[in-house]
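One structure below.
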Amino acid sequence: MSAFLDAAKDLLARWPVVDGHNDLPWALREQVRYDLDRRDIAGDQSAHLHTDLPRLRAGGVGAQFWSVYVRAEYAGDHAVSATLEQIDVVRQLVDRYPGDLRLALTSGDMEAARAERRIASLMGAEGGHSINNSLATLRALHRLGVRYMTLTHNNSLAWADSATDEPKAGGLSRFGEEVVREMNRLGMLVDLSHVAAETMRDALRVTSAPVIFSHSSARAVCDHPRNIPDDVLERLPANGGIAMATFVPKFVLPAAVEWTQRADENMRAHGLHHLDTSEGGMTVQRAFEAANPRPVATAATVADHLDHMRDVAGIDHIGIGGDFDGTAFTPSDLADVAGYPQLIAELLDRNWSTADLAKLTWQNAVRTLRVAEDVAREEQARRGPSNATIEELDG
């Protein structure tokens, strides 16, 4: 594969990666409470983070959806205010590093950033708990720059079921359907990572715009509920959306699923959240890993998912969403944001064409947002904002 590395870097210089999901904002919150002097990503932060500017450049990243995630345990106004703090730190990063980052609100902004050799910085909210059952709050997040929302995180909501919790809504409730319609009207992409398969199917039935999966892989290759069933992948061409394969080992490598369950139980036994990637949390994780060697995923593991997703959904409907800084463990040769050339080299070794790889890395994601913008203009010409409430629609 190393023979293809130079070709991979050349390709990424022309068609850089649009990555669907990076949790740097949450890592900055957890580690230093947004003190950007203590985590100056202009320099090497490999001791603390998967992400910094030199490694983004080395990885050929041209656009990044920064996740403005907050934990599902945050409820009500606490979830809203924490999401606002996450949005604020993304804007702080853009202002602090204007030579490297450019705030992107549209597909046109993404293309302008690529022309300027800057990294287009978009935002995605992770979990509908961030809007506290309020369509007005959804609209406010959009005005602040949020361009996708994952309908759930790990916990089911009253109006949408999660892949990793007991169902409450049977997919989407009537209010959940209204959330999707309002997102279509705004031009905010409906993100179906983390949601239950029935929620995926309901959203595809309701939406008038393309959907995305910002960081999910193929369930047929690794049978984890966070991944996408084939019948859903088969519906993406008609919808126009995109499934962005993730690198998280427990979602891509079957042998890692059981190991991660035990690692998560160990974190909870130490009084820690299983997604805690603070220094204290990582100390516990590394001790567990030393005593219990983990199954190791590689770029080839991720490529197996992309091969399958291309076969089922088609080359126009796949992308990449690494989930860096949102996972304790990464594939051996995709250890951080500098690793994307390794994946592209693996795909070149599998005879993926330059045209196909350009779609995977850049073109598909930009097109998906552009079409969502077109749909939003049509929807706004037909109707105004929805003021429906969950009480009115769901009782």
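Look at D231 and R219 and you find no salt bridge, because none of the NZ, NE, NH1 or NH2 atoms lies under 4.0 Å from a carboxylate O. Ion pairing between a basic and an acidic side chain is recognised when a charged N comes within 4.0 Å of a carboxylate O; E373 and R370 show no such pairing. Between R118 and D109 there is no salt bridge, since none of the side-chain N atoms of the basic residue sits less than 4.0 Å from a carboxylate O of the acidic one. Looking at R205 and D202, a side-chain N of the basic residue comes within less than 4.0 Å of a carboxylate O on the acidic one, giving a salt bridge. Salt bridge annotation for E177-R174: absent, with no cationic side-chain nitrogen under 4.0 angstrom from a carboxylate oxygen. Of the charged side-chain nitrogens involved, at least one lies within less than 4.0 Å of a carboxylate oxygen, so that D374 and R377 count as a salt-bridged pair. Between E379 and R181, no side-chain nitrogen of the basic residue sits less than 4.0 Å from a carboxylate oxygen of the acidic one, so the salt-bridge criterion is not met.
Between F65 and Y148, the ring planes lie tilted relative to each other; the angle falls in the 30° to 60° range. Ring geometry, Y69 versus W26: the interplanar angle exceeds 60°, so the pair is classed perpendicular (tilted spans 30 to 60°).
Contact check for E126 versus S214: no side-chain heavy atoms found under the 4.5 Å cut-off. Residues L84 and L144 form a side-chain contact, since some pair of their non-hydrogen atoms from C-beta on lies under 4.5 Å apart. In this structure the side chain of T51 reaches within 4.5 angstrom of the side chain of L56, judged on heavy atoms. Side-chain contact between W15 and L360: absent, with no pair of heavy atoms (C-beta onward) separated by less than 4.5 Å. Looking at R350 and D304, their side chains come closer than 4.5 Å, going by heavy atoms from C-beta outward. Between L141 and L138, the closest side-chain pair of non-hydrogen atoms is not below 4.5 Å. V232 places none of its side-chain heavy atoms less than 4.5 Å from the side chain of L192. Residues L306 and W352 meet the side-chain proximity criterion, which asks for heavy atoms closer than 4.5 Å.
Annotation: ring pair (Phe, Tyr, Trp, His ring centres under 6.0 Å) contacts of H308 (sequence neighbours excluded): none. Legend: residues meeting ring pair (Phe, Tyr, Trp, His ring centres under 6.0 Å) with H78, ordered by chain and number and at least two apart, are Y74. Among residues two or more places apart in sequence or in another chain, the side chain to side chain donor-acceptor pair (under 3.5 Å) test is passed with E111 by R114, W362. A search for side chain to side chain donor-acceptor pair (under 3.5 Å) contacts involving Q363 returns nothing, not counting sequence neighbours. For F251, the ring pair (Phe, Tyr, Trp, His ring centres under 6.0 Å) partners at least two apart in sequence or on another chain are H224.
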Inset, instruction - Applying salt bridge (Lys or Arg N to Asp or Glu O under 4.0 Å), run through R185 and E182 and close with a yes or a no. - result: CA-CA 5 Å; R185 195 192 66 83; E182 190 65 5; 2.9 Å; yes
Inset, instruction - Please report the C-alpha distance between R201 and E198 in whole Å, then the side-chain angles of each, then the deciding distance to 0.1 Å, and finally whether the salt bridge (Lys or Arg N to Asp or Glu O under 4.0 Å) criterion is met. - result: CA-CA 5 Å; R201 296 175 186 121; E198 281 308 305; 2.7 Å; yes
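Taking CG of N155 as the reference point, atom CG of D165 lies at 5.0 Å (rounded to 0.5 Å). Residue Q64 holds its CD atom at 8.5 Å from CD1 of I119, rounded to the nearest 0.5 Å. The distance from atom CG of D316 to atom CG of N364, rounded to the nearest 0.5 Å, is 5.5 Å.
Shown here is R14, whose CZ atom has more than 12 heavy atoms of other residues, nucleotides or ligands within 6.0 Å. The environment of D44 atom CG is dense: over 12 non-hydrogen atoms of other residues, nucleotides or ligands sit within 6.0 angstrom.
Hydrophobic clustering, with ILVMFWY side chains joined whenever heavy atoms are under 4.5 angstrom apart, groups V179 together with L204.
Side-chain N/O atoms of Y34 and D88 include no donor and acceptor closer than 3.5 Å. Side chains of E30 and H273: no donor on one and acceptor on the other come within 3.5 Å.
Between L135 and A388 the shortest heavy-atom distance is CD1-O, 3.7 Å. Nearest approach of M244 to V18, heavy atoms of both residues: CE-O, 3.6 Å.
Sequence neighbours left out, the pairs with a member in residues 52-63 that pass side-chain hydrogen bond (donor to acceptor under 3.5 Å, both in side chains) are D52-R55, R55-D336, R57-D100.
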